[in-house]
Amino acid sequence: MKNRANEIDFREVVNSWYLQNKRDLPWRRSSDPYRIWLSEIILQQTRIDQGLPYYLRFIKTFPTVFDLAEASEQQVLKLWQGLGYYSRARNLHYTAKEVAYEMEGIFPKSFSELKKLKGVGEYTASAIASICYGEAVAVVDGNVYRVLSRYFGVDTPINATEGIRYFKELATRVLDLEHPGDYNQAIMEFGAMQCKPQLPLCASCGLQISCVAFQLQRVDKLPVKLKKNKIKKRYFNYIVLLDHQHTLLQARTKKDIWQHLYQFPLVESNDNLSLDELTKKEDFLDLISGKSYDIRLFNPKVSVHKLSHQHIYTQFWIVELKEPIPNGIHRKNIREYPVPVLIANFVKDFGL
DNA sequence: AATGCGGGGGA
DNA sequence: TCCCCAGCATT
């Protein structure tokens, strides 16, 4: 195997780079599986800079898995608000209850048992097993794909079945069996700080000589990723009902974005609506149900909320009712409800 | 095997 | 604009 020397070299360089350059992150001061698990769930598809304040708030609010288990889902979602991918928060809460009440608060101690937990996949189970228990399982996240594909010059797409299998094998082959937890963090940190997606620091890289991508000037071409990215346009009309002190929020229950978060009553349409068009919609009429009202458009300039796969064109309609809103919530309690960033921004701008 | 799921940051 | 981020569940 011509690569054997390269593999050993790779491992040594990454490990020593990590010793010199690792950041002092709060979850690195612990090997408590609760903290490691929490940090890993928060960091899924999320930059450390974005996730760090959430981690600190979660640990402060829920110091143990029992504290998290005893919270309501709404409370957990509220603390998660703004971080995105809200199924992570729901699964986090579900698993906390599972561990607290079915496992006496003790997390599973092996990769295969950890992977059975809801919200814990291949990556997260490997991370927890290696970091907390020293099990020799390799993590493969976005950083690892990038570092390995560049260093070994692999152009197999990382998001197709063959690539996923290939990189898992490669990662396992170069894993440091003596210190899998530290090594796993080392290769990820190396990917995040040195072998970055854009403008990687090749000039100061200890792997430069043996890095296939660098030698072939292919660094900016790797890793290869098949792209789909179809963006769907959607048109939301939020009906902001107001009486003297109340408004109306509704939970999103359908299988769609923002499941279990709250919003104002929504009229979704195939295009932007005029006032006339809106007030003829059945959903709108049902909501008003014959009451008298004043209506105005809060944002004549339609605001666009961009998700990775949807652009949501939103109009907020302010509807003032003379009579009390049935099932209305007190306006000053609105901050207790978990809401999408889109709604939180409106509440702030409107001054609700 | 493919798709849906957030929001923010960097170039 | 586009891409990426310490991925996972569902179909």
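Each chain gets a letter, A, B and so on, in the order the sequences are listed, and its residues count up from 1.
The gap from the C1' atom of dC4(C) to that of dC5(B) amounts to 16 Å, rounded to the nearest Å. Using atom P as the reference point in both dA6(C) and dG10(B), the two lie 13 Å apart (nearest Å). Taking atom P on both nucleotides, dT11(C) is separated from dG6(B) by 16 Å, rounded to a whole Å. Taking the C1' atoms as reference points, dT10(C) lies 22 Å from dG7(B), given to the whole Å.
Among residues at least two apart or in separate chains, there is no salt bridge (Lys or Arg N to Asp or Glu O under 4.0 Å) pair with a member in residues 37-57 of chain A.
Between Arg47(A) and Gly119(A), the residue whose closest nucleotide on DNA chain C is further toward the 5' end is Arg47(A). Sequence order on DNA chain B of the closest nucleotides to Asp256(A) and Asn345(A) puts Asp256(A) first from the 5' end. Where Tyr86(A) and Lys196(A) each meet DNA chain B at their nearest nucleotide, the meeting point lying more 5' is that of Tyr86(A). Comparing Ser87(A) and Lys255(A) by the nucleotide of DNA chain C whose heavy atom lies nearest to each, the residue mapping closer to the 5' end is Ser87(A).
Contacts of Arg28(A) with the nucleic acid, taken as non-hydrogen atoms under 4.0 Å apart, include base atoms. Using a 4.0 Å heavy-atom criterion, one finds that Gly191(A) contacts no nucleic acid atom at all. Among the atoms of the strands shown, none is found under 4.0 Å from any heavy atom of Val139(A). Using a 4.0 Å heavy-atom criterion, one finds that Trp27(A) contacts the bases of the nucleic acid, with or without backbone contacts as well.
The stretch residues 308-315 of chain A touches DNA chain B through Ser308(A), His309(A), Gln310(A), each having a heavy atom within less than 4.0 Å of the strand.
Rounded to an integer number of Å, the gap from CG of Leu83(A) to P of dG7(C) is 12 Å. One can place CD of Gln81(A) at 13 Å from P of dG6(B), the figure rounded to the nearest angstrom. If you measure from atom CG of Leu92(A) to atom C1' of dC8(C), you get 13 Å, rounded to the nearest angstrom. Atom P of nucleotide dG7(C) and atom CD1 of Ile48(A) are separated by 10 Å, given to the nearest angstrom. The distance between atom CG of Leu114(A) and atom P of dC8(C), rounded to the nearest whole Å, is 12 Å. Following rounding to the nearest Å, Asp49(A) (CG) and dC5(C) (P) show an atom-to-atom distance of 14 Å. Atom CG in Asn91(A) sits roughly 12 Å away from atom C1' in dT10(C) (whole-Å rounding). Between Gln198(A) atom CD and dC4(C) atom P the separation is 7 Å, expressed in whole Å.
One finds a side-chain N or O of Thr124(A) lying less than 4.0 angstrom from the OP1 or OP2 phosphate oxygen of dC8(C). For the pair Lys306(A) and dG8(B), the criterion of a side-chain N or O lying under 4.0 Å from OP1 or OP2 is not met. Distances shown here put a side-chain N or O of Gln45(A) below 4.0 Å from the OP1 or OP2 atom of dG7(C). OP1 or OP2 of dG7(B) lies within a sub-4.0 Å distance of a side-chain N or O belonging to Trp258(A). Side-chain nitrogen and oxygen atoms of Arg146(A) include at least one within less than 4.0 Å of the OP1 or OP2 phosphate oxygen of dC5(C).
Closest contact between the side chain of Leu199(A) and the listed nucleotides dA11(B), dG7(B), dA6(C) involves dA11(B). In this structure, the nucleotide among dA11(B), dG7(B), dA9(C) sitting nearest to the side chain of Lys118(A) is dA9(C).
Using a distance-only test at 3.5 Å, with no hydrogens or angles considered, a donor-acceptor pair links the side chain of Arg331(A) to the main chain of Asp243(A). Remark: side-chain polar atoms of Gln74(A) are paired, donor with acceptor, to backbone N or O of Glu336(A) under 3.5 angstrom. Remark: side-chain polar atoms of Gln208(A) are paired, donor with acceptor, to backbone N or O of Cys202(A) under 3.5 angstrom. At least one donor-acceptor pair under 3.5 Å links the side chain of Lys78(A) to the backbone N or O of Tyr337(A).
Under the Watson-Crick or G-U wobble criterion, with both distances below 3.5 Å, dC3(C) is paired with dG9(B).
Crowding of Phe66(A) atom CZ: a count of heavy atoms from other residues, nucleotides or ligands under 6.0 Å exceeding 12. Around atom CG of Asn327(A), no more than 12 heavy atoms belonging to other residues, nucleotides or ligands sit under 6.0 Å away.
Ring centers of Tyr55(A) and Trp27(A): under 6.0 Å apart, within the cut-off.
Remark: the Asp176(A) side chain and the Asn15(A) side chain contain an N/O donor-acceptor pair separated by less than 3.5 Å.
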